[in-house]
Amino acid sequence: MAEERLIDDDKDRKYKIRKNADGEDELVVDDAPEEETVEEVGFEVPELDGDEEAAVMTPEQLAAREKAKAEAEAKRLADLAERCERARALVAESKYDDALFVIAEAKELDGERGEVYDLELKALTADFTDYSKVAESGAAAEGVKKYASEEIKAGFGSYAQGVAAYRDELAETVAKLNAENEEKKSARRTVFLKKRKISAIAFAATALPLVVFIALAAYFSTIMHSQLSHDYMITFFVFLGLAAAFLIATLVTAHKLWSSASLLKRNAGNSSSKLGREYEAKNAELKLVESVLSAYGDGE
């Protein structure tokens with residue numbers, strides 16, 4: 001039994017051989033604690049790059065998705081090219097409204113396509129002959145300037161001379177209209193200033209007595225019962241009546257003063273006269289033509 005206990009005690013022990021003092025090998029018990037070995041599992045964590053859907057997809061699913069994306073992009077480009085071709089044909093046939101409808105569809109497919117803005121500008125200006133659609137044409141010109149390639153801009157060469165000549169002609173017209181408009185505005189200003197001065201004098205002539213009569217009526221209202229006779233009361237009502245009359249007169253003169261001041265203010269702008277509105281319209285058209293030339297690089 002003693003032998004069995006010794007065997008049980010020794011079965012979990014570890015031994016090692018070491019040199020003793022005499023240089024001989026001897027077997028000794030290894031009491032050093034056993035270090036745990038952890039097996040490392042090697043795997044790569046996929047980079048998501050913000051695409052959480054891809055992280056849970058199989059390679060086959062990812063391939064199918066990429067294929068669908070490529071097909072959708074190819075279809076978009078094909079549709080875009082088809083609409084640009086249709087728009088170009090419609091512009092060539094001078095069917096500008098129809099062309100603008102097709103161009104709107106093309107812009108939904110690609111809002112940063114220089115070719116689309118080039119076609120839109122041609123349709124809006126009737127091939128650079130009509131600049132009445134100032135706001136829309138100005139936006140299209142900005143699109144050409146920002147997105148159109150040098151090749152597209154070079155295509156403007158056949159129009160550049162005619163547009164530049166129209167710009168120069170328009171600049172002369174605008175200068176003449178401006179000079180004539182300013183001259184007539186100056187003449188009207190003299191008349192309106194005179195009217196305002198007369199209206200101001202009339203207003204003062206009615207407002208000052210109004211203040212005096214109101215003050216007198218207020219004073220006599222406080223003393224009209226201070227004596228048995230009705231003299232103060234009669235005086236109070238007289239001043240009250242005069243104040244009422246001058247109040248009406250003051251309201252009339254105040255309205256005339258406001259009207260004359262308003263005329264003077266409106267005269268400073270250009271929208272109050274036919275000539276001024278014509279000048280503003282031609283000046284806006286001139287700025288549009290200049291922006292078109294600048295968009296294609298021929299503004300200098």
Inset, instruction - Using a 4.5 Å cut-off on heavy atoms from C-beta on, say whether the side chain of E85 contacts that of E82. - result: no
Legend entry - Distance-only polar pair, side chains of S137 and T125, donor-acceptor under 3.5 Å: no
Inset, instruction - To the nearest 0.5 angstrom, please state how far the NZ atom of K195 sits from the OG atom of S199. - result: 8.5 Å
Inset, instruction - Could you tell me whether F156 and Y296 have their ring centroids closer than 6.0 angstrom? - result: yes
Inset, instruction - Take atom CD of Q161 as the centre, draw a 6.0 Å sphere, and report whether it contains more than 12 heavy atoms from other residues, nucleotides or ligands. - result: no
Legend entry - Rounded distance (nearest 0.5 Å) linking atom OG of S158 with atom CZ of F128: 8.5 Å
Inset, instruction - Work out which heavy atom in C84 is nearest to a heavy atom in V116; give both atom names and the distance. - result: SG-CG2, 3.9 Å
Inset, instruction - Would you confirm whether S221, through its side chain, and A218, through its main-chain N or O, come within 3.5 Å as a donor-acceptor pair? - result: yes
Legend entry - Side chain proximity check, K122 to Y159, heavy atoms < 4.5 angstrom: yes
Inset, instruction - Please name the pair of heavy atoms, one in A295 and one in A141, separated by the smallest distance, quoted to 0.1 Å. - result: CB-O, 3.3 Å
Inset, instruction - Determine yes or no for a side-chain-to-main-chain donor-acceptor pair under 3.5 angstrom, with S262 supplying the side chain and W258 the backbone. - result: no
Legend entry - L80 with V102, same ILVMFWY side-chain cluster at under 4.5 Å: no
Legend entry - K69/E73 salt bridge by N-O under 4.0 Å criterion: no
Legend entry - Minimum heavy-atom distance between A123 and I103, given as atom pair plus value: CB-CD1, 4.2 Å
Legend entry - Nearest-0.5 Å distance, CG of residue L264 to CZ of residue F192: 8.0 Å
Legend entry - In one Ile/Leu/Val/Met/Phe/Trp/Tyr side-chain cluster, 4.5 Å: L240, I234: yes
Inset, instruction - Would you mind reporting whether V163 and Y131 have side-chain heavy atoms less than 4.5 Å apart? - result: yes
Inset, instruction - Establish whether L121 and L100 are linked, either directly or via other cluster members, by ILVMFWY side-chain heavy-atom contacts under 4.5 Å. - result: no
Legend entry - Hydrophobic cluster membership, V238 vs F220, 4.5 Å side-chain cutoff: yes
Inset, instruction - Determine, using the 4.5 Å side-chain heavy-atom cutoff (strictly less than), whether V212 and L208 are members of one ILVMFWY cluster. - result: no
Legend entry - Polar side-chain atom of T250 near backbone of T206 as donor-acceptor pair, under 3.5 Å: yes
Inset, instruction - Mind jotting down which residue pairs meet the side-chain hydrogen bond (donor to acceptor under 3.5 Å, both in side chains) criterion with at least one end in residues 98-116? Sequence neighbours excluded, please. - result: R83-E105, R88-E115, K107-E120
Legend entry - Any donor-acceptor N or O pair under 3.5 Å, side chains R277, S273: no
Legend entry - Side-chain donor-acceptor pair present, T129, D127, cut-off under 3.5 Å: no
Legend entry - All pairs passing ring pair (Phe, Tyr, Trp, His ring centres under 6.0 Å) where residues 91-120 contributes a residue, at least two apart: Y117-Y147
Inset, instruction - Could you tell me the separation between the CG atom of L242 and the CG atom of L247, rounded to the nearest 0.5 Å? - result: 12.5 Å
Legend entry - Atom pair CZ/CG of F246 and L210 - distance to nearest 0.5 Å: 8.5 Å
Legend entry - Closest contact, heavy atoms only, P209 versus A204: CD-O, 4.0 Å
Legend entry - Salt bridge present between E182 and K185 (N-O < 4.0 angstrom): yes
Legend entry - Criterion side-chain contact (heavy atoms from CB on, under 4.5 Å) on E150 and K153, from CA distance to verdict: CA-CA 5 Å; E150 292 304 318; K153 291 179 180 180; 4.3 Å; yes
Inset, instruction - Using modelled atom types only, decide if a donor and an acceptor are shared between the side chain of S294 and the backbone of E290 within a distance under 3.5 Å. - result: no
Legend entry - Point-to-point distance, once rounded to the nearest 0.5 Å, from CZ of R189 to CG of N267: 6.0 Å
Inset, instruction - Considering only NZ, NE, NH1 and NH2 on the basic side and carboxylate oxygens on the acidic side, decide whether E180 and K184 come within less than 4.0 Å. - result: yes
Under 3.5 Å, sequence neighbours excluded: what are the donor-acceptor pairs made by side chains of residues 280-289?
from	atom 1	to	atom 2	distance (Å)
E280	OE2	N270	ND2	2.6
E285	OE2	Y166	OH	2.4

